[in-house]
Each structure stands twice: as C-alpha cells, then as structure tokens.
Amino acid sequence: MTIFVTGGAGYIGTHVILQLIEQGYDVVAADNFANSKPEAIARVKALCGYDFPFYEMDVRDCNRLSDIFTAHHIECVIHLAGLKAVGESISKPLEYYTNNLDSTIEILSAMKRYGIRKFIFSSSATVYSGENDMPLTEDSHTGSCANPYGWSKFMCEQIISDFTHANNGFSAVLLRYFNPIGAHESGKIGEDPQDIPNNLMPFIAQTTVGRLPFLNIYGNDYNTSDGTGVRDYIHVTDLAAGHVSAIKHLDTHDGIGIYNLGTGVGVSVLELVSAFEDASGVGIKKKIAARRPGDLAICYTSTTKAKIELGWEAKKSIRDCCIDTWRWQKNNPHGYET
C-alpha cells in the first residue's frame, strides 16, 4: 500500500514516515517547508535507506495534488500539514483558518476525484472544551475552543465527518493528539521549531543547551500537586505508531473513527523539568511567570478506546522522552541548521 503523507518534513511527519517504511508501506510525501527544513527529509531517507518520492509544495495546490495522485497509486492519505502554533493563531486567525481548512478541503476533493477512500487526520486535544472532567474521552464535549488553532481543527473534523457520511465506502480516522515530545532514538531527527518554541519541551531542551537564557513557567498556583499545570505527554514514536494502527483499522472499517492519542497519565511542568534535568545532568534555569489566558490546570486523556479498537497504547516513559529529546538536542543544538 502506498501512503501519501502531507507535512512529511515536520516533527510528527518525519517520525510517521519512518514507522510506515519500517512496517513495509510505500510512502509519498509533501511539505512546503513553512515550519520545517529540507534536511529533515534527507535524514529520514538516510535512516530508512529508501529514496521515497518527495514533493516541495503547498497541498492547497489542486493541480499539484492531481499530478501526485496521477503519478502514484495512492491508497491512503495521512494529512499532517497545517499551521499549529496556538499563540500565533490568536494574532493570525485568518491565516490559520485559510491554511488549515482549505488544505483539508483540497485534499478531500482530490481524493474523491481519484477514488482514494482512506484518510487519517492529524487533530488535537485543543478541540475539547475546557469545561470537561478529566480524563478526557472521545465523547467529552468539543467546541468552545480557546484559540483559532483549536477551532480550525474542530472545523476540519466537522468537514471530514460530513464528507465521510456523504460518501459511501469512504473511511476516516481522526487522531486527537495530546502533547508529543521526544525524538527518534538515533538522535538524527527531532523537534526543531522555527523562531520561539510554542511547546514546553523545546523550551526546556533549548534552555539546557544555552539557546535560551531561562525557562518560563507560566503559573505555579494551580490546584495541582506542585502548583504547575499538568499535561499528558506522549513520545512522538508512540504517536507515530498510532498512525500505523489507524491504517490497519481502516482496512476493516468504513465510516469515521475518533481516537485520543496520549498516555493516560498527567505530568506537571516541574515534574517534566526535573525528569529532563536527570536525563541531561544539567540544571535548568527557570522563572515563574503569570498564567497564560486559556491554560487549564489539568488535561489528560483516557486511553481505553484506542487500546480496545486500535490495539494501540503508548509504551515509552517520561524518562525515555527526556533521554531521546536530550540526545537530539545535544547532537543538534541548532536543530537541522548545521
């Protein structure tokens, strides 16, 4: 089976491609390098020993999509491409809605034209309302999103659901990611955010190697064990394995499936910092800052549905995540820039 991976040069895309190739799938990938680097694709090809077809393009280009679907016998699409910075989405809402919704619509339209019936979508826990009890399940209330990024994912999910129900034989899986961290065990690929990081782990790693002077901890007065926010952190290779499980699920199921991908365990900011200090042997300078608007005290998922229906569960520990992230950052202090 040939899989088309959009956003293939990104943090998650590179790890997904490696997992697919290791499992015997053929891969075609695309990325416009808006938040990634060509070096990432070169390293993935070196790691897997497979010079898979790669296209530098914006997946909103319907003509380029038609060229790809004509040239390759694609049977499944994994749609990872999209803008993903929560903070940036607040200041650039139109850019996020245009990019994330239009790319999804163009891909689904192309799939319909070429008779491709299997689709996996990179969604997010940000689609859930902040009023839910924990742990979150796939039936928890969605909407009332805290930012345009979350709303864009929520809207894409609705588009995909409507499209699936309108097209008999079409199958889709929506994967709601929690907080991907870690890196490939080789230390060759990992998270390399452009400009200022948007997630906690890159802040920690970049502070450890001296790229940032200190780590801001936003709030230490939450109703948690140590006063800092609690999140569900999942190793990126476990997350990638979830996509392989989703493909196998699509082989035997029509319609739409929704799955949370997380560990089911909440870890506080200070617990993650401490685990990284242990893994790296380096003390991390930190400062307490004010809470950020919209941040929840606690957010983690139930993993029951993914275990039962996908046969998938996360295997790596927080210590594994920290060791692998440190190996990546230590070997690549400036990311993919040499």
Over 12 foreign heavy atoms within 6.0 Å of NZ, K188:
no
Start with the C-alpha gap between K248 and D251, add the side-chain angles, then the distance that decides, and say whether salt bridge (charged side-chain N to carboxylate O under 4.0 Å, His left out) holds.
CA-CA 5 Å; K248 295 176 180 177; D251 288 339; over 6 Å; no
Short side-chain to backbone donor-acceptor contact, S129 and N132, under 3.5 Å:
no
Would the distance check show the side chain of E106 and the main-chain N or O of D61 forming a donor-acceptor pair, the cut-off being under 3.5 Å?
no
Heavy-atom side-chain contact between K37 and E337 under 4.5 Å
yes
Output yes when a side-chain donor or acceptor of K45 lies under 3.5 Å from a complementary backbone atom of F52, and no otherwise.
yes
OG of S152 to CD of E95, rounded to nearest 0.5 Å, is 11.5 Å
Can you see which heavy atom on G150 is nearest to which on T126, and at what distance?
CA-OG1, 3.3 Å
Looking only at heavy atoms, what is the nearest atom pair of G190 and Y336, with distance?
N-OH, 3.3 Å
Are there more than 12 heavy atoms of other residues, nucleotides or ligands under 6.0 Å from atom NZ of K305?
yes
To check you understand the geometry: which heavy-atom pair defines the closest contact between V59 and S103, and what is its length?
CG2-CB, 3.8 Å
Scan P148, S122, C145 and name whichever one has a side chain to side chain contact (heavy atoms under 4.5 Å, CB included) with K153.
S122
Taking I90's backbone N and O only, do any of them form a donor-acceptor pair with N147's side chain (distance below 3.5 Å, no angle check)?
no
Show your working on side-chain hydrogen bond (donor to acceptor under 3.5 Å, both in side chains) between D232 and T301 and close with a plain yes or no.
CA-CA 7 Å; D232 192 331; T301 184; 5.3 Å; no
Enumerate donor-acceptor pairs with a distance under 3.5 Å from any side-chain N or O in residues 202-220 to protein atoms, sequence neighbours excluded.
| unit_1 | atom_1 | unit_2 | atom_2 | d |
| --- | --- | --- | --- | --- |
| T207 | OG1 | F203 | O | 2.7 |
| T208 | OG1 | I204 | O | 2.7 |
| R211 | NH1 | P333 | O | 3.0 |

As a quick check of understanding, evaluate salt bridge (charged side-chain N to carboxylate O under 4.0 Å, His left out) for E313 and K307, giving each step before the final call.
CA-CA 6 Å; E313 61 182 322; K307 286 180 183 178; 3.6 Å; yes
Evaluate T6 against I107 for side chain to side chain contact (heavy atoms under 4.5 Å, CB included), listing each step before the verdict.
CA-CA 10 Å; T6 74; I107 289 167; 3.8 Å; yes
Give the intermediate values and the outcome of side-chain hydrogen bond (donor to acceptor under 3.5 Å, both in side chains) for residues N332 and R43.
CA-CA 13 Å; N332 306 271; R43 293 193 187 188; 2.8 Å; yes
Are side-chain heavy atoms of V173 and K118 found at a separation under 4.5 Å?
no
Are V16 and I116 linked, directly or through other ILVMFWY residues, by side chains that come within less than 4.5 angstrom of each other?
no
Would you indicate whether the side-chain heavy atoms of T164 and S171 approach each other to under 4.5 Å?
no
May I ask you to test the D67-Y55 pair for a side-chain heavy-atom distance under 4.5 Å?
no
If two hydrophobic side chains count as joined below 4.5 Å and joins carry through other members, does I3 share a cluster with L175?
yes
Geometric class of the H79/F119 ring pair [parallel <30°, tilted 30-60°, perpendicular >60°]
tilted
Does the side chain of L20 reach to within under 4.5 Å of the side chain of I78, using non-hydrogen atoms?
yes
Side-chain heavy-atom pair R176, T142 within 4.5 angstrom cut-off
yes
Please evaluate residues T228 and D226 with respect to the criterion side-chain hydrogen bond (donor to acceptor under 3.5 Å, both in side chains), reporting the C-alpha separation (whole Å), side-chain torsions for both, the decisive distance (0.1 Å), and the verdict.
CA-CA 6 Å; T228 63; D226 58 23; 2.6 Å; yes
Sub-3.5 Å donor-acceptor pair from the side chain of T14 to the main-chain atoms of A9, do we have one?
no
Classify the angle between the aromatic ring planes of H184 and H15 as parallel (below 30°), tilted (30 to 60°) or perpendicular (above 60°).
tilted
Hydrophobic clusters here meaning ILVMFWY residues chained together by side-chain heavy-atom distances under 4.5 Å, can you tell me if I318 and L270 are in one?
yes
Going only through I, L, V, M, F, W and Y residues with side-chain contacts under 4.5 Å, is there a path from V27 to V244?
yes
Check whether the side chains of N199 and Y11 place a donor and an acceptor atom closer than 3.5 Å, and report yes or no.
no
Contacts of E75 meeting salt bridge (charged side-chain N to carboxylate O under 4.0 Å, His left out) (sequence neighbours excluded), chain-then-number -> none
Using the test side chain to side chain donor-acceptor pair (under 3.5 Å), find all partners of D221 that sit at least two apart in sequence or belong to another chain.
R291
Could you label the plane-to-plane angle of the H249 and Y259 rings as parallel, tilted or perpendicular, counting under 30° as parallel and over 60° as perpendicular?
perpendicular
Pairwise distance CD1(I12) to OG1(T237) - rounded to 0.5 angstrom:
12.0 Å
Shared hydrophobic cluster for L250 and V28 (ILVMFWY, side-chain gaps under 4.5 Å):
no
Side chain to side chain donor-acceptor pair (under 3.5 Å) partners of S91, counting only residues at least two apart:
none
Linking directly or through intermediates, with side-chain heavy atoms under 4.5 Å: list the remaining ILVMFWY members grouped with Y96, chain and number order.
L83, V86, Y149
Taking the side chain as everything from C-beta on, heavy atoms only, tell me whether I68 gets closer than 4.5 Å to Y114.
no
Gap separating the CH2 atom of W328 from the CD atom of E191, nearest 0.5 angstrom
9.5 Å
Quick check: closest heavy atoms across G262 and T303, and the distance to 0.1 Å?
O-CG2, 3.5 Å
Closest approach of A297 to R231 (non-hydrogen atoms, all atoms of both residues)
O-NH1, 3.6 Å
To the nearest 0.5 Å, what is the distance between CG on D58 and CG on D102?
9.5 Å
Can you see which heavy atom on D254 is nearest to which on G169, and at what distance?
OD1-O, 4.0 Å
Under the side chain to side chain donor-acceptor pair (under 3.5 Å) test, which residues partner R64, sequence neighbours left out?
none
Judged by atom type as modelled, is there a donor-acceptor pair below 3.5 Å linking the side chain of S161 to the main-chain atoms of E157?
no
In terms of side-chain heavy atoms, does H235 have a donor or acceptor partner in D324 at a distance below 3.5 Å?
yes
Between the NZ atom in K84 and the OH atom in Y177, the distance rounded to the nearest 0.5 Å is 10.0 Å
So does S317 get a backbone contact from the side chain of Y233, meaning a donor-acceptor N/O pair under 3.5 Å?
no
I need the L101 CG to R60 CZ distance, nearest 0.5 Å.
11.0 Å
Between E277 (side chain only) and I284 (backbone N and O only), is there a donor and an acceptor less than 3.5 Å apart?
yes
Just so I know, are the side chains of F178 and C299 near enough to count as touching, which here means a heavy-atom distance under 4.5 Å?
yes
Taking it one step at a time, do D238 and K315 satisfy salt bridge (charged side-chain N to carboxylate O under 4.0 Å, His left out)?
CA-CA 7 Å; D238 282 334; K315 297 179 180 179; over 6 Å; no
